[in-house]
Amino acid sequence: MSKTSARWLLVLGFVIVGFGVGIYLQDLKHQESTKAAWKANRFNVARFNKIMRYAGDMNSQNWSSMRDSIGGQLDSLMILRFRKEVDSIKKTRK
């Protein structure tokens, strides 16, 4: 085997190891984000179910006050989600 082919095999080995390490690190980050998403999702589903039960209690007499309350809860949920995303973006830039 010549020197150049040995060098190419070494370079190829480094490239393969680099891809392997990159895929492994990406998988770790994916697991971390998936765990965080499931945690957030459980919280959001619990709130959504609470809102749905609340909506089920609506009738023609209390519709307007309950509708305003639900709108406020959904707005606050969206604001909290937006703030979390902004904080996450700020963390990645540091």
Trainee: Taking 4.0 angstrom as the limit, do K29 and E32 come out as a salt bridge?
Mentor: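 The answer is yes: the pair qualifies as a salt bridge.
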Trainee: S88 side chain to K84 main-chain N or O, any donor-acceptor pair under 3.5 Å?
Mentor: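 Answer holds: no.
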Trainee: Same hydrophobic cluster for L28 and V21, using side-chain heavy-atom links shorter than 4.5 Å among ILVMFWY?
Mentor: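 Same cluster.
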Trainee: Tell me whether the count of non-hydrogen atoms from other residues, nucleotides or ligands lying under 6.0 Å of CD in Q26 goes above 12.
Mentor: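 Result for CD/Q26: open.
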Trainee: Measuring from I23:CD1 to F19:CZ, what's the distance to the nearest 0.5 Å?
Mentor: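 With rounding to 0.5 Å, CD1 (I23) is 7.5 Å from CZ (F19).
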Trainee: Any chain of hydrophobic side-chain contacts (each under 4.5 Å) joining Y24 to I16?
Mentor: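 No, Y24 does not connect to I16 through the hydrophobic network.
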Trainee: Identify whether V17 and L25 are in the same connected component of the hydrophobic contact network (ILVMFWY, side-chain heavy atoms under 4.5 Å).
Mentor: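 Yes; L25 is reachable from V17 via cluster members.
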